[in-house]
Amino acid sequence: MKTAIYPGSFDPMTYGHVDIASRAASIFDKIYFVVASNYEKNCLFSLDERIEIAKEVFKDNPKIEVVKGEGLIAKQAQKLNAKAIIRGLRMVTDYEYEVQFSQVCSYLAPDIEIVFLFAKQEFSFVSSTRVKEIFSLGGDVSNLVPIPVLKAMEEKFKK
Ligand code: ADP
């Protein structure tokens with residue numbers, strides 16, 4: 001069975017993330033969608049909230065399992081018996097960060113491949129940061145994030 005992990009902070013998850021996870025699930029037998037706690041302090045949603053939302057979004061896809069990020073991503077991939085770490089690439093601006101990320105992972109876990117999937121054109125401008133910015137300024141993000149994310153954002157901004 002070919003397994004991969006798709007790690008990220010997903011704060012919040014966008015349709016760009018959903019698209020990458022779904023396409024990865026059509027290539028691999030199983031995808032662990034790893035919600036990482038890095039930089040928690042700057043996150044809009046807590047780790048538990050992000051995990052809960054991800055579980056709701058992927059509840060109908062039996063190939064995608066949502067798990068909590070624990071320690072080094074590369075080491076977690078090994079523990080989960082994954083062959084690959086999936087990452088998404090939007091613009092050239094992602095490239096430098098992703099190259100570094102992939103090199104660190106290769107250094108820590110040379111047996112794990114880093115697999116990049118290009119963002120679909122319609123989602124290549126979508127980032128969690130832009131979604132939060134647009135929403136907080138009253139813009140419509142309903143075409144950019146899944147319904148559970150939209151509901152959670154409405155709740156969060158009401159408070
Ligand atoms: P990070 O891991 O840096 O916290 P994110 O949680 O935002 O980043 O995203 C996780 C992964 O998904 C990264 O590889 C990122 O480049 C990719 N990604 C983010 N937004 C999109 C998008 N709209 N389309 C495709 N891939 C994306």
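These numbers were taken from a predicted model, which means no experiment stands behind them. What you see below is based on every heavy atom in this structure, not just the backbone, and it leaves out hydrogens, waters and symmetry mates.
Between the side chain of Ser128 and the main chain of Pro12, a donor-acceptor pair closer than 3.5 Å is present. A distance-only check finds a donor-acceptor pair linking the side chain of Arg23 to the backbone of Phe118 [under 3.5 Å]. At least one donor-acceptor pair under 3.5 Å links the side chain of Arg90 to the backbone N or O of Val126.
Val35 has its side chain out of reach of Val67: every pair of non-hydrogen atoms, C-beta onward, lies at least 4.5 Å apart. Looking at Lys68 and Leu47, their side chains come closer than 4.5 Å, going by heavy atoms from C-beta outward. At least one side-chain heavy atom of Pro146 sits less than 4.5 Å from a side-chain heavy atom of Val18. A 4.5 Å side-chain heavy-atom check between Tyr15 and Asp19 finds every atom pair outside the cut-off.
Screening residues 69-88 for side-chain hydrogen bond (donor to acceptor under 3.5 Å, both in side chains) gives Gln78-Asp111, Arg87-Glu98 as the qualifying pairs, with residues at least two apart or on separate chains.
Of all non-hydrogen atoms in Pro148 and Val57, the two that sit nearest each other are CG-CG2, 3.9 Å. Here the closest heavy-atom approach between residue Met153 and residue Lys132 is recorded as CE-CA, 4.1 Å. Across every non-hydrogen atom of Asn61 and Ala25, the tightest pair is ND2-CB, 4.2 Å. Contact between Ala82 and Ile112 at its shortest, heavy atoms only, is O-CD1, 3.2 Å. Minimum heavy-atom separation, Cys43 to Asp11: CA-OD2, 3.2 Å. For the pair Ile85 and Cys105, the tightest heavy-atom approach, listed with the atom from each and the gap, is CD1-SG, 3.9 Å.
Grouping the Ile, Leu, Val, Met, Phe, Trp and Tyr side chains by contacts below 4.5 angstrom, directly or via other members, places Val145 with Phe157. Cluster membership check: Ile114 does not share its hydrophobic cluster with Ile27, using side-chain heavy-atom separations under 4.5 Å among Ile, Leu, Val, Met, Phe, Trp and Tyr. Phe125 and Leu89 fall into different hydrophobic clusters, where Ile, Leu, Val, Met, Phe, Trp and Tyr residues are linked whenever their side-chain heavy atoms come under 4.5 Å apart, directly or through other members. Taking hydrophobic clusters as Ile, Leu, Val, Met, Phe, Trp and Tyr residues chained together by side-chain heavy-atom distances below 4.5 Å, Ile134 shares a cluster with Leu150. Linking Ile, Leu, Val, Met, Phe, Trp and Tyr residues whenever their side-chain heavy atoms come within less than 4.5 Å leaves Tyr32 and Leu108 in two separate clusters.
Rounding to the nearest 0.5 angstrom, the gap separating the CD1 atom in Ile20 from the CZ atom in Phe116 is 11.0 Å. Annotation: the span from Ser142 atom OG to Phe135 atom CZ amounts to 10.0 Å, rounded to 0.5 Å.
Under 4.0 Å is where a charged nitrogen must lie from a carboxylate oxygen, and between Lys59 and Glu56 at least one such pair does. At a threshold of 4.0 Å, the pair Asp29-Lys2 does not count as salt-bridged, since none of the basic side-chain nitrogens sits closer than that to a carboxylate oxygen. Using a 4.0 Å cut-off between charged side-chain N and carboxylate O, Arg130 and Glu133 make a salt bridge.
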*Please test Ile31 against Glu65 for side-chain contact (heavy atoms from CB on, under 4.5 Å), starting from the C-alpha separation and ending with a verdict.*
CA-CA 6 Å; Ile31 300 294; Glu65 183 176 334; over 6 Å; no

*CA sep, side-chain torsions, deciding dist, call: Ile73, Ile5, side-chain contact (heavy atoms from CB on, under 4.5 Å)*: CA-CA 9 Å; Ile73 295 292; Ile5 71 168; 3.7 Å; yes

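For Lys30 and Phe28, the positive end is not near the middle of the six-membered ring at less than 6.0 Å and at most 45° from its axis.
Within a 6.0 Å sphere centred on CD1 of Ile147, heavy atoms belonging to other residues, nucleotides or ligands number 12 at most. Within a 6.0 Å radius of NZ in Lys55, no more than 12 heavy atoms belonging to other residues, nucleotides or ligands are found.
Looking at Asp48 and Ser46, their side chains never bring a donor and an acceptor atom within 3.5 Å of each other.
Classified by interplanar angle (parallel below 30°, tilted 30° to 60°, perpendicular above 60°), the ring pair Tyr6/Phe10 is perpendicular.
Taking Phe58 as the reference, Phe33 meet the ring pair (Phe, Tyr, Trp, His ring centres under 6.0 Å) condition, with sequence neighbours excluded.
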